[in-house]
Amino acid sequence: MKEIGTIACHTISVIVDNEAGVLARVIGLFSGRGYNIESLTVAAVDQTGERSRITIVTSGTRMVIEQIKAQLDRLVPVHKVGDLTIDGRFVSRDMALVKVAGTGEKRVEALRLADTFRARTIDASANSFVFELTGSADKLDAFVELMSELGLVEVARTGAVALARGPGGL
Amino acid sequence: MTATETKARASEAAAAPPILSGAAMIIRALTELGVEVVFGYPGGAVLPIYDEIFKQDGIRHILVRHEQAAVHAAEGYARATGKPGVVLVTSGPGATNAVTGLTDAMLDSIPVVCLTGQVARHLIGNDAFQEADTVGITRPCTKHNYLVKETSDLPKIISEAFYVATNGRPGPVVVDLPKDVQIEKAPYVMPGQREHRTYRPQVHCDDKAIREAARLLAAAERPIIYSGGGVINAGPEASDLLTEFARITGIPVTSTLMGLGAYPASDKQFLGMLGMHGTWEANHAMHDCDVMLAIGARFDDRVTGRIDAFSPGSKKIQVDIDLSSINKNVAVDLPVIGDACNALAQLVAIWHEEKLGQGQPSLDTWWQQIEHWRTKDCLAYEDSTEVIMPQKSLERLFALVKDKDPIISTEVGQHQMWAAQFLGFDKPNRWLTSGGLGTMGYGLPAAVGAQIAHPDRLVIDVSGEASFQMNLQELGTIAQYKLPVKVFIMNNEYMGMVRQWQDLTYDGRRSESYSETLPDFVKLAEAYGIKGMHVEDPAKLDAAIQEMIDHDGPVIMDCRVAKIENCFPMVPAGAAHNEMLLPGDVVGKPKDDEALAVV
């Protein structure tokens, strides 16, 4: 289909049965139909472990976003599909683990910046730190960029997890 | 025995379900779900199931000659009956051979349940003999699929597979069955309710939306109904309701390839098929209408032509059971989610209740315009006394068989489009063709499935010499079960549609489209003990067709037709509906690469 209209970023929540292959179905749907995935996170979210919540950040025209939701909704193990971007205000967080190695002034500066970003130090050795940082993708990007000057070794990041604001749930 | 004792025993029986092997469970579950026929092919990973088949006579097994054909036969059975088709194949190559058929059923929304054997659970992932990741391979080409990991889950999963295949928008479902699951014994408990915990398609239309649809149609000056395969899938009652709604409203009806038969082709309100090889009047009416009711149709690219020039001035109402069909290719003004049968029943009821006919503007001018388009006589062709024209062969075939209410299957290509144009269907479930996937080799096995379902009906596979060769091994199945299928091969010695496109868009460079080294079809038929016939003289065509119909058994007819004849009308690549070509028009090459790419 020709892209008509502006492309917007949407955060979509999907409640699925926590069964084998369900993630493959969702990912296969996106790759098979050529939709974008900016990020995708998934984990079991109820006490019994029977249901998982998938949070997908995707982008497309209004028609494409509608298609994505309709296609997700017709997958058999899908309970519910919600578009947080459309349904109202929502909160969204990514998490990153950032390893920085160095000594002397750089080490001190890394720790100082981590404090400014309200990152937690979850591992430390004589010449390295692993920082844990949550926030928006932008904030994480900014932190990682600063660390690249200060002995950045590697980064592990999750995609976004998100919930609607207020008392209502999906 | 007293009543109390009987009751006690009954409850005891209910409390202690029978212990069965997985294979026995599968047969029992299929029987309880009303399955009468299974199309299949045995192999190592399904031996336990075949052993159970041997021990019973409730379910009939039809042995095909290739797994792809098993699925097409099941599709033909499903289309001709409205019931789900059932397939049983082995692991590995059995499953991979079935993939084309599954994809075909997926694209055309045909309910099929395909049981595949799998290697034993402890061997999965070990590259075992005849192992393939069947659920992985079939995930994108099925509506849903299952790998059964516990024998006790079998009744529930099989029942759910039938529920998913037949409810909502129908489609194929695969159940992958490890061999040790088939052998292991477990209690057989069939779930009572067949509702699904997550999959509950909306079948009843929103009253407000359908009411608005009825009012829009009532206020239209140039309305049209664009009906698709969804109306066929909704059952024969939906077709009756479509006819009723068209009659009370006077609205013209056009149909997709998949929807032929839902509205009587012989009715004066029927404009014929629309789309790439649709009629002049159908495509022009679609282009110029002011309100369009799309029902059970999905605005396929072969239907719309150039999308930005598709019916530019109309308000579009789309009724579909599948939300993902709405606004996929064409933005619609009024979407209505629901089953086509319910939607049509509601439209009829609202039309009467609100007396919408009374305020309806006269459609006379619209019909005059349509009659004017009809004068183009767009299916006309130049006949010959030297050679049988392909259109002529179908016109004569139709004239000689129409009173017998035949079931027609086709392969894919020119003959398929000509069949859609020249064979008129007045009722649903009589037209079996591969529309979405366009699978050459579909028609012969589909005819097998239809003939199994309706042993006394006239079943004809309208075929081409190239498509026929893609599944000709099924002549063995036809011979084995003495199925009186008539195979009408329109032999023009070319992959005709490929040749047509090459002539129109590649300066006539007929690259690899000549059907070289054709077999002698008469001898081929005879090798299977089937009657083979051959006709090439136009004067003998009628007699040959009559002999074919009258023969009590299968026939292969090699009907030699004009070699270089193009199928018209045609909406050329990258063109709009009202830029259709007729025979004799000078065919311009596609305007640009973009147009060439949508060919």
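- Heavy atoms closer than 4.5 Å to chain B are found in both the backbone and the side chain of A/V76.
- Options B/T198, B/I326, B/V135 differ in how many heavy-atom pairs under 4.5 Å they form with chain A, and the most are formed by B/T198.
- No more than 12 heavy-atom neighbours from other residues, nucleotides or ligands sit within 6.0 angstrom of CZ on A/R118.
- Relative ring orientation between B/F310 and B/Y226 is described as perpendicular, the plane-to-plane angle rising above 60° on a 0-90° scale split at 30° and 60°.
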Between B/S109 and B/N233, does a side chain to side chain donor-acceptor pair (under 3.5 Å) hold up when you go through it step by step? CA-CA 8 Å; B/S109 308; B/N233 274 337; 4.7 Å; no
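- Between atom CZ of residue A/R157 and atom OG1 of residue A/T41 there is a gap of 13.0 Å, rounded to the nearest 0.5 Å.
- For the residue pair B/T116 and B/D176, a side-chain donor N or O sits within less than 3.5 Å of a side-chain acceptor on the partner.
- To the nearest 0.5 Å, atoms OG1 (B/T142) and CE (B/M106) are separated by 6.5 Å.
- Identified by a heavy-atom distance below 4.5 Å to chain B, the contributing residues of residues 8-17 of chain A are A/D17, in residue-number order.
- When each of A/A20, A/G28, A/G32, A/P77 is checked for heavy-atom pairs under 4.5 Å with chain B, A/P77 comes out on top.
- Interface residues of residues 143-153 of chain B toward chain A, defined by a heavy-atom distance below 4.5 Å and sorted by number: B/K143, B/H144, B/N145, B/K149.
- A donor-acceptor pair under 3.5 Å links the side-chain atoms of A/T158 to the main chain of A/M95, judged by distance alone.
- The main-chain N or O of B/I110 is never found under 3.5 Å from a side-chain atom of B/D108 such that the two would form a donor-acceptor pair.
- At a cut-off of 3.5 Å, with distance as the only test, no side-chain donor of A/S136 or A/D138 sits close to an acceptor on the other residue.
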Before giving the answer on side chain to side chain donor-acceptor pair (under 3.5 Å), spell out for B/S324 and B/R169 the whole-Å C-alpha distance, their side-chain angles and the decisive distance to 0.1 Å. CA-CA 11 Å; B/S324 75; B/R169 180 177 177 176; 4.8 Å; no
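- Using a distance-only test at 3.5 Å, with no hydrogens or angles considered, a donor-acceptor pair links the side chain of B/S311 to the main chain of B/M286.
- The greatest number of non-hydrogen atom pairs below 4.5 Å with chain B, out of A/K69, A/R25, A/Q71, is found for A/R25.
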